[in-house]
Every structure is written in C-alpha cells, then in structure tokens.
Colleague: 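The structure that follows is given in the form of structure tokens.
Since the model is a prediction, treat every value here as computed from it, not as a measurement. Proteins come first, then strands; the chains are lettered A, B, ... in the order of their sequence lines, and each starts at number 1.
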Number of protein chains: 2
Amino acid sequence: MGITIKDVAAKAGLSVSTVSKVFNHYADISPETKELVMEVAQSIGYYPNATARALKTNRSYNLGFLFDENASSGITHPFFAEVINAFKNECESRGYDMTFINRNVGQTQMSYLNHCRYRNVDGVCLAGVDFFSREIHDLIYSDVPSVSIDHVFETRPSVVSENTRGIQDLTEFAIQRGHTRIAYIHGETTSSVTRHRITGFYRTMTAHSLPVPPEYFLEGKYLDSRRCRELVLNLLSLPEPPTFILLPDDVSYLGAIEAANIKGRIIGQDISFAGYDGIQMIQYLKPKLTTIRQNTEEMGKKAADLLIDMIEQPNTAGSEITYITGKLLEGKTVAVLNG
Amino acid sequence: MGITIKDVAAKAGLSVSTVSKVFNHYADISPETKELVMEVAQSIGYYPNATARALKTNRSYNLGFLFDENASSGITHPFFAEVINAFKNECESRGYDMTFINRNVGQTQMSYLNHCRYRNVDGVCLAGVDFFSREIHDLIYSDVPSVSIDHVFETRPSVVSENTRGIQDLTEFAIQRGHTRIAYIHGETTSSVTRHRITGFYRTMTAHSLPVPPEYFLEGKYLDSRRCRELVLNLLSLPEPPTFILLPDDVSYLGAIEAANIKGRIIGQDISFAGYDGIQMIQYLKPKLTTIRQNTEEMGKKAADLLIDMIEQPNTAGSEITYITGKLLEGKTVAVLNG
DNA sequence: TTGACTTTCTAAAACGTTTTCGGTAAGATG
DNA sequence: CATCTTACCGAAAACGTTTTAGAAAGTCAA
C-alpha cells in the first residue's frame, strides 16, 4: 500500500538492512550512504512503519492511559484533564504516543491487562481509577510497566500530590485567622486521596486542641456541587454552625456559593470556605476562592518521565514515590476573626 | 514474550491457521473446534496481538484525533474535552481505540500525515485546528480517511454545529425582549465558526433593520475572559453603551461579570449578556447565563460514526455535512426592556 | 606478499498474525 | 462401488520491519 523500506532500498541501490540501519543510527554505515538513504527517503516520502517495527522490537512507543473507568466525567474532569494533558505533552516530546485504555473494546469486554497486551503499549499510567479493584491489581502486578497517580503500590513508582500537607496548610490557615469551628466536607472515603486529606485535617485540629464534632465532619462527593450545596445548607442550619468549611474541591464551591446566598451569608465575612485543586475557571469567581493549587503540570510530566525511564532503563526501575506539593492560593473567602 | 497464537495451537493440537480462523469467525470451523480453541485461549490467557494483525491486514482499529496544534488549552478546553470524550466513547463501543496525532514525536518533527501513516491509524478526526494550513491540507487530501468537526472540506464528511443559527437565535431572543443596541464580541475571524456566527448576527440585525455601529462589533478571543473583560469595559464606557452584549463563549462570561461589577451594572437589569457553548460549570454562576448549549455529545459521536462508516464501507463514503443544532438555554442574564 | 584488522555492507531469519489454496475424510448420490 | 459434495482443517506465503552473523573489500604492518 504505502511506501516501504524496500522502495527506499531499491531506489538507493542498497539492501533493506542498510536502510534500516540508517534509520536506527547504526555505527557501521558510511556518512555517504547515510546521506544517500536520507535523501531518497525524503524524496519518495518514506516513513518507517510503527506497527512493523513494534512487531519486531516489541516496543510500540505507545503509552496507555487508564482512568475513570465509570466514565462519568472522563476527560471532562477539570483536574484530570490538566494532568492528562501534561502527561501527553511529555510523552510526545520523548517520542511516545498515548492511547486510552479501557475495558469495552467493541462488543467484547476486555480486561485492562488484555487491552494493554492487545495494543502492545510499552507502559501504562493509572489515575483516578478504583485502585482496589481486582482488574487494576492484575494489571499492576503484571509485567507491563506502570506508574500510578495519587495512589501508591509498593512495587511501582507513583506520583502523589501532598494531600495531607495541603489540607494541613488550609486548616492551619483558617486557625491562624481565628477560626475554631471548622467543618470538613470531604470526598469519597474509598480513595486514598481523601483519607490522606482527612489525616491532615485531624492532625492539624488535634495539634491545636480543637474539637471536631461529628456534625462538622461530613462525607460529600467530589465534583458534585449540588450535593455540596445541600451539605453546606445543613451546616449553616446547625444551632452552632461552623465559621469555616473545607470543601471537597473547587467545583464544590459553586454549590457553596448558592448555599451561602440562600442563607444570606456573605462569603469571606459571615462564612469562610476553602476548596482544593486550584482550577483556573473557578478562580474567576467572586469572591475568589482560597484553595490549594495542585501542580497538575508537574504531576503529568513526572508520571510520564517515571514511566518512560522505567521502560528505557528497566534495570534502574524502582518504586519511588514522587511527592508533588501544591500551593496555597489565598483568595477572599476566608474571614479574619482575630483581626 | 507473551502468549501467542502458536501456544494456543500447540495446546489445542491444531494448526495456527485454524486458531486464527476461530478468532476471525471463519465459517469453515466446526463448533467443537471453535469451542476447544476458545477454551484453550481462555485458559492460557491468549489475546490476539493488534500490531501483528495490523501489519497483515493493514487495519489498526486505531483512530487518530487531531486538534489544537498550538496546544494552548489542549484537552483542557471545556468544549473540546466534551467532544473528544464523546468521540472516544463511540470509538470504543465500536471496537476502536484513539490516539492523539501531533507533530512533534520525539526530537524529530513529523507532519500530521506522516504521523498518521507511522501509526497506521485507520482514520483521523480533526477539530479545532488551523484548517487552512498546508499540513492539514496535505492530510485531508491524502488517502487516509478523515472527518472534520466545525469545518467543511468538500471531499470529506464533516460535523458542524449550526453556528449561524445559534447566534441568530440569541440575537432574536434579545430583540424580542426589546434590545436594539446590541454589541457582538466575536472570536478569532480565522475560524469559519466565527464567520458563520458573524453571518448569523448581521443577518438577524439586518432583518430587523437594526444598525451595527462599528464600536459595537469587536474582535475578542475565545476562552480569554481577561480580554473579554477589557472589551466589555470599553463597551460600557461608550457614550451610548449597548444594552446587550453577545460574548465569544461561556468562559468569557467570567470576564464580563467582572467588568459589570466594576462598572456597577447589575447583570440581567442594567446590562444583558449571552454566551455560547453551554458549559456545565458556567451554568452554576449567578446570574445564570443565557447561552447556546452545543450538543457536544452528538458531535463527537457522529464524527466517530461517520469516520468508522467511511472506513468500514469505503464505497458508500460521501462528503455529507451533518448539522448539529444547539439549544438555547435561557438564563437570567437578559433584561426585558419592553416589559 | 601475507595475515590481521577495519569498515561497510548484505542475506536471512524472525516477530505474530491473516488468508489463499489445497487436501483429506466423511457423507451423499447414482 | 465409484464418484461427487461437503465440511473441516493445514501449509505456506506474506505484511514491513530489525538484527545477527558473516562476506567483501580495503588498510596496514611486518
């Protein structure tokens, strides 16, 4: 069909092997031959075929990205979109392409592991999945190189954002400004991200000998502003409402604003909020949200680098954990009570 | 390395050809043999290798997605993210995977066309690129099947959202509510999307014999709320400011809100706005934005279907244009002047 | 001149499939 | 019983590469 290495060989009057060697930078090729081959290749528009190459070398230069199996938000998720984008950019600059790994390929169901094998990906990056499922387990403990984001497996490298630290900073920030009645609407406890954040929260509160009454500690959902709205309404209806509320994430702030309006509270005065993620679009809201800006750029890039390093130097592959620190973005949503 | 068809053949006591035929649903296989092969394959965890298959059949079951070459927003773009997600989901349910096509694979620059050939994609979908560039031209007029979103090439099928209609509806909506001083901050004129929208705007204004003074017609930028803020400020500082402003898109509304606040205008009373896209997150803002909700789900799905149909039935491949109609979402940002 | 290196190239096998073309055996037909 | 079908299976070539092992020709020292 297309132009193959044979065409180049024929036109250059050389063997296929020689042409191949030129493209793979072998040493035993004279400069003249090299130049000739390149010229001919250029002139007839030859480009090596990745599939054929992959078949022979068992290297596809294709990386899998596995995330969000329930596909509720998918690529649309503002936080993951940024991470994926950074991952993709780093892949590309290192010569790899990226393919999404999923379970339903056509009619037939396929395990993640099989999908990886089927596509011959050189490695796979996991983010935002159910890290405790059997399927993920099978994949992680298989021979396909992998790296996980915001979850650590003992045998694989991982990139995790310092969630404990982030919530600690936020809580500390509130306390420094005189808040003592601090509530936390956290995300789903099934994820380790949430558990780390909860740890950070309790740790800080305890350090300052502040109580956390059970009605101040609620399970919310990530990215669900409607649910957040309800929970904030509940909190504000309490006989003794909190003065500061930690939200699951930035998107939840949309619901929090509504709840505050309904209750006639002025944000940053009568009630204080903090989010998590540092999503660009949310930062445009008034009042500007105090939050932790996650370094998504770094997370995606680092994940790609770890994965590719592992692929290219399998001997040096470890299971290191790379911590990415977020940054507290001070907005206008936190009242100063001890002015 | 992995488990191959040979292993299955050996264990089942059959030839490689027979096993292959089972997996490709050939007719000349007895039910018993079929079952045996499936059983053995299952038991040793065999899955056909897509690369080998691709090499032989010249079909990779892999689709390229090409978008946003300058990578400014990339996958992060709220509108494209939704389209891509829908495209991806439809691909998957029809048995295809998706790979992003770009230009910089490793150190070496590679044309889009070469990247497609290199990866052996069965087809490619284009969205949000510079449709007038040479590179895109080369790709579109090559033999690799393609479909474009929001731009039409005569020789290829395309999916376009009814942009002219959308702006028409919005403008009409404003006029019906008594607005006559209507300004339009449009996006970059390099895209045909913008040009269609502009057509819709002028057409409606002219139909109602309403003037469009030059100072009411400004070139903004998509997704740039800061720039929008400046332009809205300018408009509101005019001796005779407009009462209604069409914004480039929903994200721009963030800037518009700021500008209105600065100028002390109450949105939906003193000044009216309309956006475009219908992005979920923006809909949570107060006051709720009147906008056109683009049917991104349908756009992505349809693009995938067109592309796959073209690949699977090349004879029936046409160059039809599929129009996707948006839906006017009535918010609270438009004042009624003729109440 | 000879042997030992170097340098540069090539032949051929291999990667894991698909697919064409036959082949064999069993059953059907006369 | 001989022949024709039919149903099922396999051998082998091919897809476009990479890579190993070695061949051919040139260089150089003794």
Colleague: Does a side-chain N or O of Tyr118(B) approach OP1 or OP2 of dG16(D) to a distance below 4.0 Å, or not?
Modeller: no
Colleague: Which residues within residues 28-36 of chain A lie with some heavy atom under 4.0 Å of an atom in DNA chain D?
Modeller: none
Colleague: Under a 4.0 Å threshold between the charged nitrogen and the carboxylate oxygen, would Asp143(B) count as salt-bridged to Arg117(B)?
Modeller: yes
Colleague: Is a side-chain N or O of Asp7(A) found less than 3.5 angstrom from the main chain of Thr4(A), in a donor-acceptor match?
Modeller: yes
Colleague: Please list, for nucleotides 11-14 of chain C, all pairs of protein and nucleotide N/O atoms separated by less than 3.5 Å.
Modeller:
residue	atom	partner	partner atom	Å
dA11(C)	N7	Ser17(A)	OG	3.1
dA11(C)	N6	Ser17(A)	OG	3.2
dA12(C)	N6	Ser17(A)	OG	3.3
dA14(C)	N3	Lys56(A)	NZ	3.4

Colleague: Have a look at the helix from dT1(C)-dA30(D) to dG30(C)-dC1(D) and give the angle its two end axes make, five pairs each, rounded to 10 degrees.
Modeller: 50°
Colleague: Check whether Arg156(A) reaches the backbone of Ser148(A) with its side chain - one donor and one acceptor, N or O, closer than 3.5 Å.
Modeller: no
Colleague: Rounded to whole angstroms, how far apart are CG on Asn58(B) and C1' on dT19(C)?
Modeller: 14 Å
Colleague: How long is the line joining NE2 of His25(A) and P of dT19(D), in whole Å?
Modeller: 13 Å
Colleague: Base, sugar-phosphate alone, or nothing: which one does Thr57(A) contact when heavy atoms must sit under 4.0 Å apart?
Modeller: sugar-phosphate
Colleague: Can a donor-acceptor pair be found, under 3.5 Å and without considering hydrogens, that links the side chain of Asn62(A) to the backbone of Val121(A)?
Modeller: no
Colleague: I need the OH-P distance between Tyr61(B) and dG16(C), as an integer number of Å.
Modeller: 21 Å
Colleague: Taking only side-chain nitrogens and oxygens of Thr18(B), does any of them come within less than 4.0 Å of OP1 or OP2 of dG10(D)?
Modeller: yes
Colleague: Does a side-chain heavy-atom distance below 4.5 Å link Val152(B) with Val160(B)?
Modeller: yes
Colleague: Under 3.5 Å, which donor-acceptor pairs do the side chains of residues 31-38 of chain A form with other protein atoms, sequence neighbours left out?
Modeller:
residue	atom	partner	partner atom	Å
Glu32(A)	OE1	Ser30(A)	OG	3.4
Thr33(A)	OG1	Ser30(A)	OG	2.6

Colleague: Within this structure, what is the CZ-to-C1' distance between Phe23(B) and dG16(C), rounded to whole angstrom?
Modeller: 13 Å
Colleague: Once you measure the plane-to-plane angle for Phe153(A) and His151(A), does it fall in the parallel (<30°), tilted (30-60°) or perpendicular (>60°) bin?
Modeller: tilted
Colleague: Has the side chain of His115(B) got a donor or acceptor atom that lies under 3.5 Å from a matching backbone atom of Arg103(B)?
Modeller: no
Colleague: Without decimals, in angstroms, what is the distance between Leu14(B) CG and dT17(C) P?
Modeller: 16 Å
Colleague: Residues in side-chain contact (heavy atoms from CB on, under 4.5 Å) with Pro48(A), at least two apart?
Modeller: Phe23(A), Tyr46(A), Arg53(A)
Colleague: Between dA21(D) atom C1' and Tyr26(A) atom OH, what is the distance in whole Å?
Modeller: 12 Å
Colleague: Report the distance from atom CZ of Arg59(A) to atom C1' of dT17(D), rounded to the nearest whole Å.
Modeller: 15 Å
Colleague: With distance as the sole criterion, is a donor-acceptor pair present between the side chains of Asn120(B) and Thr51(A) under 3.5 Å?
Modeller: yes
Colleague: Please state how far atom CG in Leu55(B) lies from atom C1' in dA13(D), giving the value in whole angstrom units.
Modeller: 13 Å
Colleague: Check step by step if side-chain contact (heavy atoms from CB on, under 4.5 Å) holds for Thr296(B) and Asn85(B).
Modeller: CA-CA 9 Å; Thr296(B) 49; Asn85(B) 201 42; over 6 Å; no
Colleague: Taking the nucleotide of DNA chain D with the nearest heavy atom to each, does Ala52(B) or Arg53(A) sit closer to the 5' end?
Modeller: Ala52(B)
Colleague: Among residues two or more places apart or on two chains, list those pairs meeting salt bridge (Lys or Arg N to Asp or Glu O under 4.0 Å) that have a residue in residues 8-20 of chain B.
Modeller: none
Colleague: Between Asn24(A) and dT18(D), does any side-chain N or O lie under 4.0 Å from OP1 or OP2?
Modeller: yes
